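Down below is the structure, laid out as structure tokens.
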Amino acid sequence: MSQKIQAIRGMNDILPEQSHHWQRIEEAVATLAAAYGYCEIRTPIVEKTELFKRSIGEVTDIVEKEMYTFNDRNGDSLTLRPEGTAGCVRAVLEAGLVHNQSQRLWYRGPMFRHERPQQGRYRQFYQIGMEAFNFAGPDIDAELIMLTARLWQQLGLTDQVTLQLNSLGSSAARAAYREALVAFYNQHQSHLDADSQRRLGSNPLRILDSKNPDMVALNRLAPAFSDYLDVASRDHFQQLCEMLERVGIAYEVNPLLVRGLDYYSKTVFEWVTNALGAQGTVCAGGRYDGLLTQLGGRETPAVGFAMGIERLVLLLSQQPEVVAANTPHAYLVVMGDAAQQQGVVLAEQLRQQLPQLRLVTHCGGGSLKSQFKQADRSGAAVALILAAEELASGQVSLKPLRGTGEQVMLTEAVLLAKLQNLCEGEY
RNA sequence: GUGGACGUAGUUCAGUUGGUAGAGCCCUGGAUUGUGAUUCCAGUUGUCGUGGGUUCGAGUCCCAUCGUCCACCCCA
């Protein structure tokens, strides 16, 4: 047992039992992205460490203790990407895609964070994200949220997720507020619990979210963000809310909603669920107008979000199973050497003429009984039979495996028509 | 990084105050020699996570280690 090589902790295989959920999500997103005019971008999994330090923030948990960082052979410090936005922005700047033009982009793929694994949290996990560049107004924020809402609708998850919204103000307003908070908490250092002490250095806004009663009391005395929120941001936020109301998307304003990554400003949002234990956030994002300049670009407004595919898959697998996709339409059973030879030809002809057909051919011989057993187990709707009798008459037998119906021997032309109906779900 | 629970056949699990292992599912074969899913019969499956220790003897007790799960933290 111990001699078997195991997968790395927190890095999971996606087995056939689960993969159809992944495909369903990825297909839905790809279609929706196109429907809203977003193009896919694919960037490397590894980037220079510096990129993440500069974009995510030096003192965030992610950068301080969760990155998979190593030295390349030439001494460069490289890092497995812990999130997708940094690489996307880097690529966009490098290729000049946002020079005097707007872009709507999306990406998907694995991300890596060295955290303790638990439900909905893994060391290699998959995100799908979308980013829009050079749109300054709230309309694009609304568009991204509407797109996600439509995705939940298509996946049947609408009832399980709720939308939380907040505004962090402009970078300047946020910075000013942050400073005021730090100053306030520094004056009350002795009253801070251990968590808050730590947050004071890393993410002071998070202290406001503390569950410790003593901290809650202290927080009541802390400076209020509303005193620092700039007029433009307030306006932006109000317009966003109006648009969402107009299209009937329910939301909840959560003043304590603070995203963990340093680069956010103005709009932030999260889709949360209570069906996943401690990992409630299924999709989250916001505006990061300042990031492109931080990374050496010219000033470029930007918004985006990312969703965790594993968490969506968890939600999907809690639902009653719909029809399992990818089950074969037909399973070809062959008896005898001649039939085996002919079966290969028949199967290829059918696939040639019916590209939609999912046909499994039996391989490996065995008794007819065992072949039928496997045909049944495959989930196929019908079995096709090729044996001595069929070969002699130049026909193929078709036996329904689900519901009622008699076995019949058919010419290839009739068989083709029947299988076509099967593909179209009209059998 | 911190805390708790748990690691027994492919899988889900049982294994009583310590006496070298079982069940369901799955799988394979059979019930008049070309027919599945139901029924019946038969059969295979394991260095009991790993390494030490206590003991005449450990799946069962102790220690260590690795791993899984859950929560804290953090986040998608």
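These numbers were taken from a predicted model, which means no experiment stands behind them. Labels below follow one simple rule: chain letters A, B, ... track the order of the sequence lines, proteins then strands, and each chain is numbered from 1.
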Proximity to the side chain of [X] - top-ranked nucleotide from [options]:
X	options	value
A:A388	B:G34, B:C75, B:G1	B:G34
A:Q407	B:U68, B:C75, B:U35	B:U35
A:R121	B:A37, B:G1, B:G34	B:G1
A:D376	B:U35, B:A71, B:G36	B:G36
A:Q279	B:G34, B:U28, B:C75	B:C75
A:E115	B:C75, B:A71, B:C74	B:C74

Does [X] reach a base, just sugar-phosphate, or nothing at all? Heavy atoms under 4.0 Å.
X	result
A:Q371	nothing
A:G10	sugar-phosphate
A:I385	base
A:R198	sugar-phosphate
A:Y122	base
A:E390	base

Whether over 12 other heavy atoms sit under 6.0 Å from A:D337 CG: no
[atom1] of [X] versus [atom2] of [N]: gap in Å, rounded?
X	N	atom1	atom2	result
A:L276	B:A71	CG	C1'	15 Å
A:F372	B:C27	CZ	C1'	20 Å
A:E389	B:U35	CD	C1'	12 Å
A:M409	B:G34	CE	P	16 Å
A:R123	B:U68	CZ	C1'	12 Å
A:F112	B:A76	CZ	C1'	14 Å
A:Y107	B:A76	OH	C1'	9 Å
A:M67	B:C75	CE	C1'	15 Å

Using the C1' atom as the point on both nucleotides, what is the distance between B:G22 and B:U16, in whole Å? 14 Å
Using the C1' atom on both, measure B:C72 against B:C13 and round to a whole Å. 30 Å
Counting only Watson-Crick or G-U wobble pairs whose two distances fall under 3.5 Å, which nucleotide matches [N]?
N	value
B:U16	none
B:C61	B:G53
B:U2	B:A71

Taking atom CD1 of A:I385 and atom CD of A:E390, what is their separation to the nearest 0.5 Å? 6.5 Å
Is the shortest heavy-atom distance from the side chain of A:Q420 to the side chain of A:L416 under 4.5 Å? no
OP1, OP2 of [N] versus side-chain N and O of [X]: anything below 4.0 Å?
X	N	result
A:Q6	B:G67	no
A:R377	B:U28	yes
A:K369	B:G30	no
A:Q118	B:A71	yes
A:R206	B:C73	no

Are A:F305 and A:W271 close enough that their ring centers fall under 6.0 Å? no
Upstream residue (5' side of RNA chain B) when A:I309 and A:R116 are each assigned their closest nucleotide: A:R116
First encountered from the 5' end of RNA chain B, between A:N12 and A:M307: A:N12
Sole candidate of A:E50, A:E131, A:E47 that passes salt bridge (Lys or Arg N to Asp or Glu O under 4.0 Å) when paired with A:R90: A:E47
Please determine if A:K399 forms a cation-pi arrangement with A:F372, meaning its NZ or CZ atom is less than 6.0 Å from the six-membered ring centre and no more than 45° off the ring axis. yes
Say whether, by atom type as modelled, one donor and one acceptor occur between the side chain of A:H21 and the main chain of A:V313 under 3.5 angstrom. no
Under the 3.5 Å rule, do the base of B:G1 and the side chain of A:E66 count as making a donor-acceptor pair? no
